[in-house]
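Below you'll find the structure, written out as structure tokens, and then a few comments.
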Amino acid sequence: MSADERGVLPESGDGGQGTDARIGVSGKDELRQMLRDAVSGKPFSELSAVTFDQRGVALAGEAVLDALHERDFNFGDFDAVGALTAAAVPLVIAVMHAAASQGKSLDGFVMDFVYPSIKGPSIRGKRVILLDSWLSEKSYVQTSSLVTLRNGNELNLDFSIVEHEQAQVLAIVTLIGGLGANGSTSSGAGEAASDGIATAETAKANKPSSARTNDDASFVEVVDTVNDSRHAVPFIQVFEERELR
């Protein structure tokens, strides 16, 4: 399909309020098919065929915002979106542009694992959403990191970096999520976080979603390996892996 045949995205329909779904059913169906094609026959993909496609990335940005709104994360609740891996950088840019189209400002950043820090505007004291293209219970190797949501402590460094910046992690969002994809609904994941990190359980205590238990795929359990404290962090899957197979 050519760029001309793909056409343009529909205009925003919420007058800049950022509370109504903007991608629409047809747009989400289109994005679902693009993702289905990208993962067909593959155990894992960084989804570059979608996130570097002008239509695909625009739809993805809208879909991420819609998924956040569905979990009661609206504009004003968070200040920045950050890429957990290089594969998520296009998503960060897409979400920033989708927010801007609604008259809202969001900063972006990406994790730097060479010298543990972030690249981008300072997130000190900010409320952040962490993004990735595909996060699963299975051990998938990406070009930039090993990502697992059940075995090991692969998110330890990510949370350490954010905590060092005195920022709050409100949620983890992934375009494709595999938590619960194997029939398991327990979210007792093995990720670790540095002591003192503020998560959505405290930052959004008055949100309806925060009252939910972490016995399903809507949360991942972050474990501090120093003091064994645990925090349930909202885990938002725009699409579930099993619906694309």
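Predicted, not measured: the structure shown is a model, and the values here were computed from it. Reckoned from all heavy atoms, side chains included, excluding hydrogens, waters and symmetry mates.
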Just distance, no hydrogens or angles: give the donor-acceptor pairs under 3.5 Å from side chains in residues 171-178, sequence neighbours left out.
from : atom 1 : to   : atom 2 : distance (Å)
T174 : OG1    : D132 : O      : 3.4
T174 : OG1    : S133 : O      : 3.4
T174 : OG1    : W134 : N      : 3.4
T174 : OG1    : L135 : N      : 3.1
T174 : OG1    : I176 : O      : 2.6

Within this structure, what is the [atom1]-[atom2] distance for the pair [X] and [Y], rounded to the nearest 0.5 Å?
X: D79; Y: R127; atom1: CG; atom2: CZ; value: 4.0 Å
X: Q237; Y: R71; atom1: CD; atom2: CZ; value: 9.0 Å
X: S117; Y: I123; atom1: OG; atom2: CD1; value: 10.0 Å
X: I236; Y: D66; atom1: CD1; atom2: CG; value: 11.5 Å
X: L59; Y: R32; atom1: CG; atom2: CZ; value: 12.0 Å
X: T51; Y: E46; atom1: OG1; atom2: CD; value: 8.5 Å

- Given F75 and L68, is the side-chain contact (heavy atoms from CB on, under 4.5 Å) satisfied, shown in steps? CA-CA 9 Å; F75 291 122; L68 281 164; over 6 Å; no

Within-4.5 Å side-chain heavy-atom neighbours: [X] and [Y]:
X: P234; Y: F73; answer: yes
X: L131; Y: L84; answer: no
X: V95; Y: E62; answer: no
X: Q168; Y: V128; answer: no
X: V39; Y: R245; answer: yes

Can you name the nearest heavy-atom pair linking [X] to [Y], along with the distance?
X: V92; Y: G82; answer: CG2-C, 3.7 Å
X: I23; Y: A63; answer: CD1-CB, 3.8 Å
X: K42; Y: S45; answer: CD-CB, 4.3 Å
X: L65; Y: A99; answer: CD1-N, 3.7 Å

- Message: Could you check whether any side-chain N or O of H97 sits under 3.5 Å from a backbone N or O of S101, counting only pairs where one atom can act as donor and the other as acceptor?
- Response: no

- E243 side-chain N/O to E240 backbone N/O, donor-acceptor pair under 3.5 Å: yes

- Task: Answer yes when E30 and R55 have at least one side-chain N-carboxylate O distance shorter than 4.0 Å, and no when they do not.
- Result: yes

- Query: Who passes salt bridge (charged side-chain N to carboxylate O under 4.0 Å, His left out) against R36, sequence neighbours left out?
  - Reply: none

- Query: Do we see a donor-acceptor contact under 3.5 Å between the side chains of D37 and Q33?
  - Reply: yes

- Under the side-chain contact (heavy atoms from CB on, under 4.5 Å) rule, what do M111 and T85 come out as? Steps first, then yes or no, please. CA-CA 7 Å; M111 297 293 183; T85 64; over 6 Å; no

- Query: Out of V57, L35, D53, which residue meets the side-chain contact (heavy atoms from CB on, under 4.5 Å) rule with L47?
  - Reply: L35

- What pairs with V89 under side chain to side chain contact (heavy atoms under 4.5 Å, CB included), at least two apart in sequence or on another chain? A83, V110

- Message: Here's one to test your reading of the geometry: is the NZ or CZ of K28 within 45 degrees of the ring axis of F239 and under 6.0 Å from its centre?
- Response: yes

